[in-house]
Each structure stands twice: as structure tokens, then as C-alpha cells.
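Given the structure is predicted, the values throughout are model-derived calculations rather than measurements.
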Amino acid sequence: DQDPPGGMRYDPRMASVRMKRLCALAEQDRRRLGGGVRAVFRRMETEAFAEAAEVNRTAARHLAKGRREEAEKVWTSFSLAKQKAALSEADRMFDGLVWYLMNTTDSINYDYAWRTMETKPREIKPYDPA
């Protein structure tokens with residue numbers, strides 16, 4: 001059984017697991033693997049903060065008219081959409097990182113001439129989630 005003691009379970013449907021597995025993989029080499037992951041989430045965060053200003057204005061208009069439930073719906077909808085987008089990106093990048101590692105590991109760890117028929121190691125560029 002791969003699950004840790006104490007009742008915790010690995011369930012890839014859980015948001016915390018989906019984020020943690022990406023984080024754990026990217027942390028193995030912060031420069032080569034983690035840089036692209038951080039850049040994607042920084043961009044998403046910047047976009048969300050910019051959009052939040054308009055969401056706040058819309059919610060404030062509802063509140064000014066006494067429509068608290070409408071204001072709550074505006075913020076809830078915005079928040080859920082951002083969470084869904086972040087999870088989708090985490091899944092996409094996790095799959096991308098696994099593929100990247102599968103595609104680059106042999107040229108890093110093995111005898112080049114015998115395993116790859118190359119005369120020298122190929123340059124491994126950092127993971128780019130784009």
C-alpha cells in the first residue's frame with residue numbers, strides 16, 4: 001500500500017493531491033522543472049488580480065442595490081472558475097513534466113555513445129509548459 005499511515009489517502013480527484021503532486025515533481029529540480037511551473041501560476045495570479053477589480057465593482061453595484069445574494073454569486077462564480085482553471089493547469093503541467101522527464105532522463109544519466117549513439121550529451125533545456 002502506497003498511502004501513508006494515519007488515514008491519509010492518495011486520491012487524484014482531490015485538489016490538494018493534484019497540486020501537491022505537481023509541486024513534488026517540480027521541486028526535484030527547481031531551475032529546470034519548477035521555473036516554468038512558477039511562471040504559469042504567476043501569470044494566472046496576475047490575471048486573476050486584474051479581473052478581480054472588475055468582479056469587485058460588479059459585486060459592489062449589487063450590494064449598493066441591496067442584492068447581497070447576487071454579489072455573492074458574482075464572487076463565487078469568479079472564484080470557482082479560477083480554481084477550476086488552476087487545477088486544469090496543474091494537471092496539464094504534471095502530465096507535461098512527466099513526459100519531459102521521460103524524454104530527457106536517458107540523455108542525462110546514461111552512457112551517450114552506447115545508449116543514444118550520440119557523441120556528446122545533448123543540451124537539456126528547462127521544462128517549458130507553454
Side-chain angles (χ1 to χ4, degrees):
D1 190 61
Q2 295 177 352
D3 293 320
M8 294 184 63
R9 305 291 300 171
Y10 177 84
D11 183 347
R13 295 171 299 180
M14 293 173 56
S16 59
V17 169
R18 290 161 70 183
M19 289 298 193
K20 181 62 178 174
R21 69 183 187 173
L22 174 63
C23 180
L25 194 54
E27 284 290 318
Q28 300 309 304
D29 184 335
R30 286 181 173 197
R31 183 189 62 79
R32 203 165 51 100
L33 306 177
V37 172
R38 284 189 305 276
V40 166
F41 283 122
R42 255 189 249 114
R43 176 188 50 79
M44 291 180 76
E45 182 180 59
T46 299
E47 291 170 1
F49 279 123
E51 293 171 32
E54 180 57 33
V55 171
N56 200 40
R57 284 190 287 276
T58 301
R61 284 193 296 271
H62 286 300
L63 288 173
K65 295 177 181 177
R67 299 190 308 236
R68 181 180 177 87
E69 285 185 21
E70 289 301 315
E72 290 172 353
K73 286 179 186 176
V74 167
W75 269 112
T76 299
S77 176
F78 174 74
S79 175
L80 290 175
K82 293 305 171 189
Q83 291 173 53
K84 185 176 180 179
L87 288 173
S88 179
E89 277 298 298
D91 290 341
R92 184 187 70 79
M93 287 189 289
F94 177 79
D95 290 343
L97 272 175
V98 168
W99 182 250
Y100 171 86
L101 288 169
M102 289 168 43
N103 197 32
T104 59
T105 298
D106 65 341
S107 63
I108 295 172
N109 296 324
Y110 299 107
D111 174 19
Y112 300 102
W114 187 76
R115 293 274 187 187
T116 65
M117 296 195 296
E118 296 175 4
T119 57
K120 63 180 182 174
R122 61 185 157 128
E123 179 187 349
I124 304 299
K125 294 185 177 10
Y127 170 69
D128 179 6

Rounded to the nearest 0.5 Å, how far apart are [atom1] of [X] and [atom2] of [Y]?
{"X": "Leu97", "Y": "Arg92", "atom1": "CG", "atom2": "CZ", "value": "10.0 Å"}
{"X": "Arg21", "Y": "Ser16", "atom1": "CZ", "atom2": "OG", "value": "11.0 Å"}
{"X": "Glu69", "Y": "Thr76", "atom1": "CD", "atom2": "OG1", "value": "11.0 Å"}
{"X": "Glu27", "Y": "Lys20", "atom1": "CD", "atom2": "NZ", "value": "8.0 Å"}

Query raised in the report: With distance as the sole test, does Ser77 use its side chain to make a donor-acceptor pair with the main-chain N or O of Lys73 at under 3.5 Å?
Result: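 Side chain of Ser77 to backbone of Lys73: no pair is present.
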State yes or no: do [X] and [Y] share one hydrophobic cluster built from I, L, V, M, F, W and Y residues joined by side-chain heavy-atom distances below 4.5 Å, directly or via other members?
{"X": "Leu63", "Y": "Phe78", "answer": "no"}
{"X": "Val98", "Y": "Met19", "answer": "yes"}
{"X": "Met102", "Y": "Tyr100", "answer": "yes"}

Query - Leu22: which of Val37, Asp91, Asp95, Leu33 passes side chain to side chain contact (heavy atoms under 4.5 Å, CB included) - result: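 Between Leu22 and the candidates, side chain to side chain contact (heavy atoms under 4.5 Å, CB included) is satisfied uniquely by Val37.
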Looking only at heavy atoms, which two atoms of [X] and [Y] are closest? And how far apart?
{"X": "Arg31", "Y": "Pro126", "answer": "NH1-CG, 3.8 Å"}
{"X": "Gly36", "Y": "Pro129", "answer": "O-CG, 3.3 Å"}
{"X": "Ala59", "Y": "Ala71", "answer": "O-CB, 3.5 Å"}

Query raised in the report: Between Arg61 and Glu54, is the closest basic N to carboxylate O distance under 4.0 Å?
Result: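 The answer is yes: the pair qualifies as a salt bridge.
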Query raised in the report: Between Glu51 and Lys82, is any pair of side-chain heavy atoms under 4.5 Å apart?
Result: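 Yes. Closest side-chain heavy atoms under 4.5 Å.
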Query raised in the report: Just wondering, do Arg38 and Arg30 contact through their side chains at under 4.5 Å, heavy atoms?
Result: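 In contact.
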**Report entry** Residues Thr46 and Arg43: side-chain donor-acceptor under 3.5 angstrom
**Finding:**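 Side-chain D/A pair, Thr46 to Arg43: absent.
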Query raised in the report: Any ring-ring contact (aromatic ring centres under 6.0 Å, His included) pairs touching residues 22-70, not counting sequence neighbours?
Result: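 As it turns out, there is no ring-ring contact (aromatic ring centres under 6.0 Å, His included) pair with a partner in residues 22-70 once direct neighbours are skipped.
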